[in-house]
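Encoded as structure tokens, the structure appears first; notes follow it.
Throughout, protein chains are lettered first and strands after them, A, B, ... in sequence-line order, and every chain is numbered starting at 1. Heavy-atom basis, side chains included; hydrogens, waters and symmetry copies ignored.
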Amino acid sequence: MLTMDARSTKHSTRALFWRITAATAVVAALATLVAQSGNVAMALGMLTSGGVAILAIAIAGRRYRRRGDVSTGTRVLAGPVDERDRRLVSRSWAITGLVVVGGLVVALLADGMGADVKEAPAVLLWVGLATLVASFLVLDHKS
Amino acid sequence: MSTPRTTDQFPLIAAVAIGSTVAVVVPCALLLREHGPGHMWLGFIIGGAIASVGGLIAGWRVYRRPDRATAADRALVHAGDERDDTVLTRSLAVVGLLALPLASGACIAIAVDADALAVAGALTFALLAALIVAFTVYSRRT
């Protein structure tokens, strides 16, 4: 019979496996779609960045299984998370949502004033990612 | 612990809110009148006015008729208790979670020659709709 710890580790490993599999499938499907439209360089960029992200999740999972006592960021990437981690992640995503929606409104206004908004979603994507990481680090440090 | 709200706070808060809105909307509308297409500036003023009236109604309900105020009213005027804050945070978290994959999708759509303005507009309204749906669902569940 499995103990609670063994069950939790088994569940965590299975969740990590499915997380990595799903991420790989999504990145591969999107990269194929982009490559089909003729943007092969962009597809290669997507595969590279997706590969780096998947590698980060795998390393976080390995660290968690081996060391147990790890940082909040590692727990969030590899799971399982506790109540405090969940609250931190929720608040970080909330700040990201506010920033992206605000940025989109500014982009639409800028378009009305004659600016080119072709790059706006790409800029907002990176701003959103940076906001997510920065707000998570600040909230984790504060709480 | 939430700060007690008194009805005599409402006129001051309403005046500050209207002042701030005018300070943002009027310069933007003037810029749009100079540089924007057609009557976009007029639409911008009307949109700002409708949003301000909505905010005032919410404020009036929160400060003058607290028994009738909904979670959405309290969230709109930042006068919510701990439960309202949790609902708002979780709803905005849904928006944040959706924003990154949708922005990636928008980048891909623009890369395959979709109209950038239409994509940015659709993305904005999709995220606002997600916020309203998530807020309604979480507010009913908790």
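In the hydrophobic clustering of this structure, Phe136(A) groups with Trp126(A); members are Ile, Leu, Val, Met, Phe, Trp, Tyr whose side-chain heavy atoms approach within less than 4.5 Å, directly or through other members. No chain of hydrophobic side-chain contacts below 4.5 Å, direct or via other Ile, Leu, Val, Met, Phe, Trp or Tyr residues, connects Ile50(B) to Leu56(B). Side-chain heavy atoms closer than 4.5 Å link hydrophobic residues (I, L, V, M, F, W, Y) into clusters, and following such links, even through other members, never connects Val24(B) to Val22(B). Val25(B) and Ile18(B) fall into different hydrophobic clusters, where Ile, Leu, Val, Met, Phe, Trp and Tyr side chains are chained together by heavy-atom contacts under 4.5 Å. Leu42(B) and Leu32(B) fall within the same hydrophobic cluster, defined by Ile, Leu, Val, Met, Phe, Trp and Tyr side-chain heavy atoms under 4.5 Å apart, directly or through other members.
Of the candidates Leu104(A), Leu108(A), Val101(A), Leu124(A), Leu104(A) is the only one forming a side-chain contact (heavy atoms from CB on, under 4.5 Å) with Leu123(B).
For Leu128(B), the part lying near chain A is the side chain, with the backbone staying farther off; criterion is any non-hydrogen pair under 4.5 Å. Val100(A) touches chain B through its side chain: at least one heavy atom from C-beta onward sits under 4.5 Å away, while N, CA, C and O do not. At a 4.5 Å heavy-atom cutoff, the contact between Ala122(A) and chain B is made by backbone and side-chain atoms alike. Within the 4.5 angstrom heavy-atom criterion, no atom of Ile95(A) approaches chain B.
Most heavy-atom pairs under 4.5 Å with chain A, from the set Leu117(B), Ile110(B), Thr86(B): that is Leu117(B). Ranked by heavy-atom pairs under 4.5 Å with chain A, the list Leu88(B), Thr89(B), Leu98(B), Asp115(B) is led by Thr89(B). Between chain A and the residues Leu131(B), Ile108(B), Leu127(B), the most heavy-atom pairs under 4.5 angstrom are made by Ile108(B). Across Leu125(A), Leu132(A), Val117(A), the residue that shares the most heavy-atom pairs under 4.5 angstrom with chain B is Leu125(A).
Here Leu30(A) contributes atom CG and Cys107(B) contributes atom SG; the two are 11.0 Å apart, rounded to the nearest 0.5 Å. In this structure, CG in Leu109(A) is found 12.5 Å from NE2 in His35(B), a value given to the nearest 0.5 Å.
For Arg91(A), the CZ atom is loosely surrounded, since the number of other residues' heavy atoms within 6.0 Å does not exceed 12. A 6.0 Å sphere centred on CZ of Arg83(B) holds more than 12 heavy atoms belonging to other residues, nucleotides or ligands.
The two atoms that bring Ala106(B) and Pro121(A) nearest to each other are CB-CB, 3.8 Å, heavy atoms only.
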